[in-house]
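One structure below.
These numbers were taken from a predicted model, which means no experiment stands behind them. Because only heavy atoms are used, hydrogens play no part in the values below, and waters and symmetry mates are left out as well, while side chains stay in. For ligands, and for the atoms within them, numbers begin at 1 and follow the listed sequence.
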Amino acid sequence: MMQFNPREFIDEKIGFLRREIGGEMAIVALSGGVDSSVTAVLGFKAVGKNLRAVFLEDGFMRIGEAEKISRVFRNLGINVDVHNVQREFLTALKGIRDAEDKRKAFRDTFYKTFSRIAGQAGAKIILQGTIAADIVETAGGVKTQHNVLEQIGINPLEKYGFKIVEPLKELYKNQVRMVARELGLPDEIVNRRPFPGPGLAIRILGEVTEEKLSIIKKATAIVDDELEDVECFQAFPVLLEGRATGLDRDSTRKYGYMIALRIVESEDAITAKYVRLDWTKLDGVRDMIIRNIPEVSRVLYDISDKPPATIEFE
Ligand code: XMP
């Protein structure tokens, strides 16, 4: 295979985006991750003011995400409009237990909400940071990624009323990071660990409730903070279904939630190995979780590789 050249890629995709967007208005939804950030910067280089950047606060993003991404883009001279759509997502997911059903409900709500916001901005074109792994997994029937439509026979123009343009769809994560670096994005974005489109909705096993969402948000912030310096592809907590027996501070029995920690090494997300994290480090995360989230009584460590497990639990 030819060596990947990020500079050539950027030049080629700017031309591609100009042709695809023409004189129309386009819109891009940032998630805080490297894929959508690269897509947005390429889009702005291609069509400037004819692109709008938004952040959909769907309630399943990490704490402080809207502020973080707005700050990063402000430093690049790009304004990000934040839209709070949490209620719509919580309502859409209410009562759904099955992982694939949750993913589909999330996808549908995402595109409905996003097309409404696109309409308000006068945009008929959506730029999306879909990468090769997203398509491989969805087309291969592994998981319904929230951002893959055409490959599974959904026509976005017919179903939601807009055209989707995906400049990164032949790239793998490490190549996207090379492009991000070349574009001058800050390290906090270039090296950011992947975060799934449906966000914390798929890190709560089974039905999403506001209580569980609040627990996983706190746990995610703790893990991000405690394991910031660990070399890995991803490190995150998952809130398991059911409760386990535990003890309160006064030694009375309580049924607490269980959190699983998932820390993996991977090149391209297609395969992954669990990280043999130092025990002292694990103890530290456990202590922070147990101390700060009283509803949790157990922390488990996931030693599964992909395959047979996937990286995310749902
Ligand atoms: P799995 O769980 O399939 O995940 O081993 C592979 C990689 O993809 C991320 N992931 C997603 N990314 N939308 C995304 O943009 C999604 O719906 C989605 N589901 C999983 C996951 O975090 C891992 O990096």
Side-chain angles (χ1 to χ4, degrees), residues 28-40 55-56 58 60-62 65 69 89 92-93 96 98-111 114 126-152 154 164 166-169 171-177 180 189 191-205 208 216 220 223-224 227 232-239 260-275 302-314:
V28 62
L30 295 164
S31 69
V34 65
D35 306 341
S36 57
S37 297
V38 165
T39 304
F55 179 88
L56 302 192
D58 57 34
F60 299 105
M61 296 291 195
R62 289 161 286 194
E65 201 58 46
I69 200 67
F89 278 82
L93 287 167
I96 304 180
D98 177 74
E100 273 298 284
D101 291 346
K102 269 161 74 178
R103 283 175 164 273
K104 285 177 184 152
F106 188 98
R107 177 185 67 200
D108 213 38
T109 314
F110 176 78
Y111 283 115
F114 194 21
I126 283 181
L127 298 196
Q128 202 171 254
T130 319
I131 62 169
D134 301 338
I135 297 170
V136 171
E137 303 250 319
T138 304
V142 179
K143 283 175 192 179
T144 302
Q145 305 261 330
H146 80 291
N147 54 354
V148 177
L149 295 177
E150 281 160 289
Q151 293 80 0
I152 54 165
I154 298 178
I164 294 186
E166 298 166 312
L168 310 183
K169 70 180 176 197
L171 299 193
Y172 279 88
K173 204 74 175 187
N174 47 356
Q175 298 172 315
V176 181
R177 293 197 206 281
I189 298 293
N191 301 325
R192 200 135 197 228
R193 295 170 184 159
F195 185 71
L200 302 176
I202 57 157
R203 291 186 178 165
I204 295 169
L205 299 199
V208 167
I216 197 66
T220 302
V223 172
D224 282 348
L227 302 181
C232 64
F233 188 71
Q234 272 171 289
F236 57 87
V238 177
L239 184 57
L261 276 181
R262 182 92 168 119
I263 310 175
V264 294
E265 205 31 87
S266 175
E267 277 287 313
D268 51 14
I270 303 293
T271 61
K273 284 206 163 301
Y274 86 88
V275 171
D302 184 358
I303 57 165
S304 321
D305 291 335
K306 174 182 182 178
T310 52
I311 295 178
E312 304 289 343
F313 277 43
E314 287 201 326

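Taking the six-membered ring for Trp and thresholds of 30 and 60 degrees, Phe110 and Phe106 have nearly parallel ring planes, at less than 30 degrees apart.
Counting only distance, with no hydrogens or angles, the side chain of Thr39 and the backbone of Leu127 share no donor-acceptor pair below 3.5 Å. Between the Lys102 side chain and the Ile202 main chain, no donor and acceptor come within less than 3.5 Å of each other. Under the 3.5 Å distance criterion, the side-chain polar atoms of Arg177 are matched with a main-chain donor or acceptor of Arg192. Between the side chain of Arg262 and the backbone N or O of Glu312, no donor-acceptor pair lies under 3.5 Å.
The shortest N/O to N/O separation between Ile202 and ligand 1 does not fall below 3.5 Å. Ligand 1 has no nitrogen or oxygen under 3.5 angstrom from a nitrogen or oxygen of Arg203. Close N/O approach between Phe233 and ligand 1 is not found [any backbone or side-chain N/O within under 3.5 Å].
For Pro196, heavy-atom contacts with ligand 1 shorter than 4.0 Å involve the backbone as well as the side chain.
Atoms of ligand 1 found under 4.0 Å from any heavy atom of Lys306, numbered from 1 in the order shown, are 1 (P), 3 (O), 5 (O), 6 (C).
Nearest heavy atom pair, residue Asp305 against residue Lys273, reads OD1-CA, 3.2 Å.
Not a single heavy atom of Arg107 sits less than 4.0 Å from an atom of ligand 1. Residue contacts with ligand 1: Ala133 is excluded, as none of its non-hydrogen atoms falls under 4.0 Å.
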